[in-house]
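Just below is one structure, and these are the notes that go with it.
The figures that follow rest on heavy atoms only: side chains count, while hydrogens, waters and symmetry mates do not.
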Amino acid sequence: MTEFTSEIKTIPYSDARIFTVLSDLNNLEHLKARIPADKVKDFTFDRDSCSMDISPVGKVVFTVVDREPNKTVKFEAGNLPVAMNLWIQLKAESPVSTKMKMTVRADLNAFLKPIVSKPVQEALNKISEIIAQFPYEQA
């Protein structure tokens, strides 16, 4: 398994508030306008999953497989040629500040790893930036 980690972001909300928002994927409605339409199409979601058509990958589905209150939300990716999991990890710094890190683990063979490593890392960093700037007070 190849592991990718995002930069650690500080979010000015409690871990409980962030977890409540991120663990219900219906809250992605607040992010739709920030998703680049040229790269992601047909973005749909419900409480436990989201799917999107990502150019040039195709349709990808992320399903929540575990929620640990105020600490982690774990996802499994489907419709990909490789097994992939994603974790959002939260750690309270104070009652109004939380550190957030994202991790992706993918089963990449020696041929795919050099091809997809840079785009996966860039996507992970971009997603973590969007999550850090999420309007948690509105959700």
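A heavy-atom distance below 4.5 Å is found between the side chains of Leu25 and Val64. With a 4.5 Å cut-off on side-chain heavy atoms, Phe45 and Met52 do not count as touching. The shortest side-chain heavy-atom distance between Val82 and Val116 does not fall under the 4.5 Å cut-off. Between Tyr136 and Ile131 the shortest side-chain heavy-atom distance falls below 4.5 Å.
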Verdict with supporting geometry, Thr103 and Thr5, side chain to side chain donor-acceptor pair (under 3.5 Å) = CA-CA 4 Å; Thr103 304; Thr5 57; 5.8 Å; no
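Under the 4.5 Å side-chain contact rule for hydrophobic residues, Ile8 and Trp87 do not share a cluster. Cluster membership for Met1 and Leu80, using ILVMFWY side-chain heavy atoms within less than 4.5 angstrom, is not shared. Tracing side-chain contacts under 4.5 Å through hydrophobic residues (I, L, V, M, F, W, Y), one never reaches Val21 starting from Val96; they form parts of separate clusters. Following chains of ILVMFWY side-chain contacts shorter than 4.5 Å, one cannot reach Ile127 starting from Val65, and the two form parts of different hydrophobic clusters.
Side-chain contact, Asn125 with Ser128: no donor N or O sits under 3.5 Å from an acceptor N or O. Using a 3.5 Å distance cut-off with no hydrogens or angles, the side chains of Thr10 and Lys99 do pair a donor with an acceptor.
Put simply, the side chain of Asn27 gets close to the backbone of Asp24: a donor and an acceptor are under 3.5 Å apart. For the pair Ser49 (side chain) and Thr63 (backbone), a donor-acceptor distance under 3.5 Å is absent. Side chain of Ser51 to main chain of Val61: no donor-acceptor pair is present (N/O by atom type, distance under 3.5 Å, no hydrogens or angles). Side-chain atoms of Thr20 come within 3.5 Å of backbone atoms of Ala16 as a donor-acceptor pair (strictly under, hydrogens ignored). Listed for the Arg105 side chain is no donor-acceptor partner under 3.5 Å among the backbone atoms of Thr2. Judged purely by atom type and a 3.5 angstrom limit, Thr72 has no side-chain atom pairing as donor or acceptor with the backbone of Lys74.
Ion pairing of Lys113 with Asp107 is absent here, as no side-chain N (NZ or NE/NH1/NH2) approaches a carboxylate O to less than 4.0 Å. With respect to Glu7 and Lys9, a salt bridge is recorded, a charged nitrogen being found less than 4.0 Å from a carboxylate O.
The CG atom of Asp48 lies 6.0 Å from the CG atom of Asp46; values are rounded to the nearest 0.5 Å.
Between Phe75 and Phe62, the ring planes are perpendicular. Angles over 60° get that label, and only those under 30° would be called parallel.
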